[in-house]
Number of protein chains: 2
Amino acid sequence: MTRARLDQRTIVDAVLELARQEPQARITFKRLGEALSVDATAMYRHFRNKDELTRAALDRLAALATEAARATDGDWRARLEAFVRRMAALSLEHPAIGAEWAMVDPVGPGDVASDEFLLEMLTIAGLSGDELIRAYAAVSGFTLAQSAALAQEALLRTDTARDGTIPWISTFGAVDLSGFPHVRAHREALLTIDGLTVYQAGIAAILDSIARTADAGVAR
Amino acid sequence: MTRARLDQRTIVDAVLELARQEPQARITFKRLGEALSVDATAMYRHFRNKDELTRAALDRLAALATEAARATDGDWRARLEAFVRRMAALSLEHPAIGAEWAMVDPVGPGDVASDEFLLEMLTIAGLSGDELIRAYAAVSGFTLAQSAALAQEALLRTDTARDGTIPWISTFGAVDLSGFPHVRAHREALLTIDGLTVYQAGIAAILDSIARTADAGVAR
DNA sequence: ACCTGAACACCGTTCAAGT
DNA sequence: ACCTGAACACCGTTCAAGT
C-alpha cells in the first residue's frame, strides 16, 4: 500500500484490509501504522481512541451488509435472510472487527441504514406496533450477537476455514460421558455442527416465528 | 479474603467473586493475585494460561445454570426458559467472564452437563434426529452468543443497571434521520428496547418454532 | 494542521531463584 | 512442590517536539 494522506476513510479501509489479511490477529495501532506507512500514534489525529476507530469500521460493515441486502431480489424474508447472511460473512471475513459487534450502540450512518432496512422489511411483512419492535429486536440482536460469536471463534481458532465451518464442539476429549446418556447418544451428530449451522438454525426459527405472527395479523 | 492454599477451585471462586465485585473491569492476574494475597504469577502453577482459567470459570457458570434449571418445575419449555434465563443472569452478574462465552468449545464437565440438559428437554419435547440437533444448535448457540453480548455491554457501559436494562440503542445523536423514515417513525419505541427485551424476543421465537416442530411431529 | 517519537502505565508470560 | 519477583515483549494513550 502506498503512503496516502490520512483521513478517516483511508484509515477504516486499512483496518478492514488488515483484518481480512490477518484473520487470526487483533488490530493494533502498530500494525495499522506499518500498513499505512505512518507512525502508530498518527491515528489519534483522526479518531479519539481505538473504540471510535473500531466503531467506524463496524459502521462500514453494517453499511455494506445493508447495500447487499437492498440489492437482493425477493420477498421480505429472502431479503432479511440476505442481510443476516451478509453480516455473518463480513464478520467472518474481518474477524478482528466482527468480534466487536457488542459495542455498536452509538450509531453511525451505516448502523442506522441497517435499522431502516430491517424495519422496512418487517413492515412489508405486515408487522406493526409492539410486534414490529419485538421482531426488530429479535432479528437485530440475533444478527449482532451471532456475528460477533462467529468472528470471535474465527479469531481464536487456528484451524478456521473462514467460511463458518468451524466445529461448534471439536471434541469431548477429557470429559467422561458415562453420566450423560443423551450427549453420548448424539455424540457424532453434535460433532458435525458448525458455526453456520447454528446461525442458520437460529435465524430460521426467528423468521418462521415472524412469518407466523405476520400471517395471524393478516388473518385477523 | 484470607490467604488460602491455592488450587483450581479456590482460584475459580476468586475469579467469579472478582468479576461480580468489579463488573466494569476485566480480570487481570494482578488483581486476582491481590484478592488471593498471592503473587500475580502464582496462577501459572494451576492453569496453563489465562484462557484455561477463563474456560474453567465459564464451565462453572454452565454448571450453575444447569443446576438451577434442573431444580425448576414445569414442562420442557419452562425448564429450557429457566436455563436460558439463568445463563443470561449469571453472565450479567460476572461480565468479565460472561463476555468470553465465545471460547467455550473445549468442554468441561459443566458444559457437557448443560448440553445433556438441553438434549434431554428437547427429547422430552418430542424431537429426534436432525430436528433435535438443529433445535439444540439454535438454543445453545443463541444462549451463548446472546449471553456474551449482554456481558460485553455490561462491561463497557458505566450506566449499567446489572439486570439487563441496558438500552439497546441509547441515542441516535449525531446521525441525521431525515433519510430514514421507518427509524424516525419508531424512534421512541426503539429507544425503549433493552438487552433483556432482545434476549427474550429471540428465545421466545426459537422456542415457539421448536414447539411447532414438536407438535407437527406428534400429529404425524 | 498534521505527524513523530519518547515516555508511561499496564498487560500476559517466562524463568531463575527462593522456601 | 509451590510461590516470588525480576524481566520481557507488547499493548493503548499522552504530550512535547518537529515540519
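By convention in this document, chain letters (A, B, ...) are assigned in the order of the sequence lines, proteins followed by strands, and residues within each chain are numbered from 1.
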- Task: Starting at atom CG of B:D39, determine the distance to atom P of C:dT19, rounded to an integer number of angstrom.
- Result: 15 Å

- Message: Nearest 0.5 Å, please: how far is NE2 in B:H46 from CG in B:L6?
- Response: 4.5 Å

- Taking a pair as Watson-Crick or G-U wobble with both distances under 3.5 Å, which nucleotide is matched to D:dA1? C:dT19

- Query: Looking only at side-chain N and O atoms, does A:H46 come under 4.0 Å of OP1 or OP2 in C:dC3?
  - Reply: yes

- Query: Nearest-Å distance, CE (B:M43) to P (D:dG5)?
  - Reply: 13 Å

- Among the candidates D:dC3, C:dA6, C:dT13, find the nucleotide nearest to the side-chain atoms of A:T41. C:dA6

- When rounded to whole Å, the CD to P distance for the pair A:E52 and D:dT13 reads 11 Å

- Note on the structure: Taken to the nearest whole Å, CD/B:E34 to P/D:dT4 is 13 Å

- Identify whether any heavy atom of B:I27 sits under 4.0 Å from a base atom; if not, whether one sits that close to sugar-phosphate; answer base, sugar-phosphate or nothing. sugar-phosphate

- Go ahead and name the base partner of D:dC10; Watson-Crick or wobble counts if both distances stay under 3.5 Å, otherwise write none. none

- Any ion pair linking B:R70 and B:E120 (charged N to carboxylate O, less than 4.0 Å)? yes

- Among D:dC3, C:dC11, D:dG12, which is the nearest nucleotide to the side chain of B:L6? D:dC3

- So B:F83 and B:F117, would you call those rings parallel, tilted or perpendicular, with 30° and 60° as cut-offs? tilted

- Could you check how far CZ of B:R31 sits from P of C:dG12, rounded to whole Å? 12 Å

- Can you tell me how far C1' of D:dG12 sits from CZ of A:R26, to the nearest Å? 14 Å

- Of all the heavy-atom pairs spanning B:Q146 and B:V198, show the shortest one and how long it is. NE2-CG1, 3.2 Å

- Task: Report the nucleotide, chosen from C:dC2, C:dC11, C:dT13, that has the shortest atom-to-atom distance to any side-chain atom of A:R45.
- Result: C:dC2

- d(NZ, A:K50; P, C:dC11) in whole Å: 15 Å

- Message: Run B:D51 and B:R55 through salt bridge (Lys or Arg N to Asp or Glu O under 4.0 Å) and show every step you take.
- Response: CA-CA 6 Å; B:D51 245 49; B:R55 276 184 229 277; 2.9 Å; yes

- Message: Checking contacts here: which listed nucleotide (C:dC11, C:dT14, D:dT14) is nearest the side-chain heavy atoms of B:Y44?
- Response: C:dT14

- Note on the structure: Note: for B:A42 and A:K30 on DNA chain D, the residue whose nearest nucleotide lies more 5' is B:A42

- Query: Once you round it to whole Å, what is the distance between P of C:dA1 and CG of A:D7?
  - Reply: 17 Å

